[in-house]
Amino acid sequence: MTVFNSDFLNELQWRGFIHQTSDAEGIDALAARGELVAYVGYDCTAPSLHIGHLISAMMLHWLQEKGGGKPITLMGGGTTRVGDPSGKDETRQILTVEQINANKKSIKGVFKRFMRFGKGKTDALMADNAKWLTKLNYIEMLRDIGRHFSVNRMLSMDSVKLRLDRDQEMSFIEFNYMILQAYDFVELARLHGCNLQMGGSDQWGNIVTGVDLGRRMGTHQLYALTTPLLTTASGAKMGKTAAGAVWLNADQFSPYDYWQYWRNTEDADVERFLKLFTTLSKDEIARLATLRGQEINEAKKVLATAAATLLHGPTAAKKAAITAQKTFEEGIVSQSLPTFELPRHELESGYGILTANVAVGFVTSNGEARRQIKGGGLRVNDTVVTDEKMVLTLKDLTPEGVIKLSLGKKRHVLLKPA
């Protein structure tokens, strides 16, 4: 293991964040002097970021906490209008400007959980590439920026090559994405003294293209740093549940569900996720990593509470932990479980069990709900559902005035008449 001069890179290294760097010594020297100005870009394709964005947000957090320099969160108000082709077989949906602005507004608040914003030297800064990309004149862009790009090299980039190798069409607008991303780096260098771009390893080609464009357009030296793309120990893609993505906004994925997601971590992933997704100390993580057998469940609870505290705050995290304890260890119907309000007349006339499980987000279709019933995975008030034609009525309400729906042993929602 390399011993760096900067606390920032030493922290990233032992926690497992570093995959590739363009010049580790150069980055280390800047970080040791507190002179790194690093950015990560976030396109506004949805109203919330998801757990896949968490690792880059944590890198920006450690940059600030370890005195390495200044973090920049770049909102993709401009690039979202084009769509990043990386890792996609199909062209992303083109959103309207109104949709992009609404998404941008919705996701901004998450960053304040991971870093301090302000006007000081190491305070985080939020930028938006719509500021410069929407003002580009096409002819001037081709002459001043496009001339620095080799089509041969662009075709060799993974974001393009993998799509073409699979005989999937790539639109011209997507082909331009790497040019815009590279230009973002140049503009941030000019406007804010940015010298480092960080991101997932699938962004390596785009990032080093920005490093090269900066050299050609006369900026100061630019650098690249990427993280490994994460999968679970079983090889599954991280951040997916039966109901879809693990969103970071509480209104799209509740603090309880978020806590429970981390509580369900595979045994082999606990130490790695403690390093990546919490701010616990090296000694505390080393202690938790020694737990085996049933004791590892305690480490999972610590992971869940620490991760939920970081995103949703200590009050919501503690509430989620208490709710889980009541639900799983004491068998109580806790009113703190996620709640889905249903018009009372729906229960008066009978509400189908298939429809109910789709509505609360356990499954995405009636067909999937039927498969869960056949496998004994769905329960109502802790009783296994065996009839796919079952309807829920007011008679199913518990003394607490709710109907408890469960998928497996760990996912629960309360249906509440409104």
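Heads up: numbering here begins at 1 and tracks the sequence.
The side-chain heavy atoms of H19 and L229, taken from C-beta on, include no pair separated by under 4.5 Å. I55 is listed as a side-chain neighbour of F277, based on a closest heavy-atom distance under 4.5 Å. Looking at heavy atoms from C-beta onward, R81 lies in side-chain contact with I100 at the 4.5 angstrom threshold. Within the 4.5 Å cutoff, no side-chain heavy atoms of E11 are placed close to those of D7. Residues I373 and I353 have side chains in contact (heavy-atom distance under 4.5 Å, counting atoms from C-beta outward). V363 is not listed as a side-chain neighbour of L378, based on a closest heavy-atom distance of 4.5 Å or more. For the pair M58/F114, a side-chain contact is recorded, criterion being any heavy-atom separation below 4.5 Å from C-beta on. Contact annotation: the side chain of S56 approaches that of Y42 to within less than 4.5 Å [non-hydrogen atoms, C-beta and beyond].
With rounding to the nearest 0.5 angstrom, the CD atom of E187 is 12.0 Å from the CG atom of L180. Between the CZ atom of R15 and the CG atom of L274 there is a distance of 9.0 Å, given to the nearest 0.5 Å. Here the NZ atom belonging to K112 is positioned 8.0 Å from the CZ atom belonging to F117, to the nearest 0.5 angstrom. To the nearest 0.5 angstrom, N103 atom CG is 6.5 Å from L95 atom CG. Of the inter-residue distances, the one linking M75 atom CE with T80 atom OG1 reads 8.0 Å to the nearest 0.5 angstrom.
Taking the charged nitrogens against the carboxylate oxygens, R371 and E388 have no contact shorter than 4.0 Å, which rules out a salt bridge. Salt-bridge annotation for K119 and D123: absent, with no side-chain N of the basic residue lying under 4.0 Å from a carboxylate O of the acidic one.
Looking only at atom types and distance, the side chain of T226 has a donor-acceptor partner in the side chain of Q20 under 3.5 Å away. The closest side-chain donor-acceptor pair between T79 and D184, if any, does not fall under 3.5 angstrom.
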> Going through the checks in order, is the side chain to side chain donor-acceptor pair (under 3.5 Å) test met by Q203 and Q197?
Replying inline: CA-CA 10 Å; Q203 292 293 313; Q197 183 180 172; over 6 Å; no

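Judged by distance alone, with hydrogens and angles left aside, the side-chain atoms of N249 form a donor-acceptor pair with the main-chain N or O of P47 at under 3.5 Å. T2 places no side-chain N or O within 3.5 Å of a backbone atom of F4 that could act as its donor or acceptor partner. Checked by atom type and distance alone, the side chain of N129 pairs as donor or acceptor with a backbone atom of G77 at under 3.5 Å. Distance alone, capped at 3.5 Å, places no donor-acceptor pair between the N195 side chain and the L36 backbone. Between the Q99 side chain and the T96 main chain, a donor and an acceptor come within less than 3.5 Å of each other.
Aromatic ring centroids of Y261 and F253 lie 6.0 Å or more apart.
With a 6.0 Å radius and a threshold of 12 heavy atoms from other residues, nucleotides or ligands, K275 has its NZ atom above the threshold.
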